[in-house]
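A short write-up of the structure that comes next.
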Amino acid sequence: MHVPFADPYCPVGRVRAVEAARAAGWLPEESGTLVVIEGPRFSTRAESQWFAAQGWTLVGMTGYPEAVLARELALCYTTLALVTDTDAGVAEGEGVTQEEVFAEFGRNVGRLRDLVFAIIATLPEQRDCPCPKALDGITLPFELP
């Protein structure tokens, strides 16, 4: 089965997430491009420099296959990225450590939780987005609930 995937995130969820993040004082950038690497691991310096040269703004280990699976089930999916470090190769010096990443995450997990609750509170009860229609015209060998 091949579902449309040009825009992987729910446009309604994305707008609500952006609005809630702005209201919370987060969101230095409204958008970017996430490159997903196989993990768990940190990037090499050469990889980090290549990712930056391509114009990719975030490096992460999650987002795929989650976004694809959500689309294949006609679910709404929006990602939030809590940036914890600048990766290994953006500047000379030591690469990032797990301790640094966990410390940054720990400093922000409460704010992130509050943001998730704020976003959920603004989501419409009835979906009025293209997500539920992702499977229109595609014949499945089973029924979805």
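Numbers here are sequence positions counted from 1.
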Q: Look at the side chain of Thr57 and the backbone N and O of Thr33, then say whether any donor-acceptor pair between them is shorter than 3.5 Å.
A: yes

Q | side chain to side chain contact (heavy atoms under 4.5 Å, CB included) between Ile37 and Ser43, intermediate numbers included | A | CA-CA 8 Å; Ile37 64 170; Ser43 303; 3.7 Å; yes

Q.
I need the minimum non-hydrogen distance between Leu123 and Gly13, along with the two atoms involved.
A. CD2-CA, 4.2 Å

Q: Please check if atom CG in Asp136 has more than 12 non-hydrogen atoms from other residues, nucleotides or ligands closer than 6.0 Å.
A: yes

Q. Does Arg127 have any side-chain hydrogen bond (donor to acceptor under 3.5 Å, both in side chains) partners at least two apart in sequence or in another chain, and if so, which?
A. none

Q) Hey, any chance Met61 and Trp50 share a hydrophobic cluster, counting ILVMFWY side chains that come within less than 4.5 Å of each other, even indirectly? A) yes

Q.
Tell me whether Phe42 shares a hydrophobic cluster with Phe102, the cluster being built from Ile, Leu, Val, Met, Phe, Trp, Tyr side chains joined at under 4.5 Å.
A. yes

Q | Rounded distance [0.5 Å steps], OG1 in Thr79 versus CZ in Arg14 | A | 11.5 Å

Q. Any side-chain heavy atom of Val12 within less than 4.5 Å of one from Cys76?
A. no

Q) Can you name the one residue among Thr78, Val18, Leu80 that meets side-chain contact (heavy atoms from CB on, under 4.5 Å) with Ile119? A) Leu80

**Q.** Side chain proximity check, Glu66 to Leu69, heavy atoms < 4.5 angstrom
**A.** no

**Q.** Backbone N/O of Val3 and side chain of Arg71: donor-acceptor pair under 3.5 Å
**A.** no

Q) Can you pull the side chain to side chain donor-acceptor pair (under 3.5 Å) pairs that have at least one residue in residues 95-110, sequence neighbours excluded? A) Thr97-Glu100, Glu104-Arg107, Glu104-Asn108, Asn108-Arg111

Q. Which other residues end up in the same hydrophobic cluster as Tyr77, if Ile, Leu, Val, Met, Phe, Trp and Tyr are linked when side-chain heavy atoms come under 4.5 Å apart?
A. Phe5, Tyr9, Leu34, Val36, Leu58, Tyr64, Val68, Val83

Q) Less than 4.5 Å apart, any side-chain heavy atom of Ser48 and any of Val59? A) no

Q) Is the shortest side-chain N to carboxylate O distance from Arg41 to Glu47 below 4.0 Å? A) yes

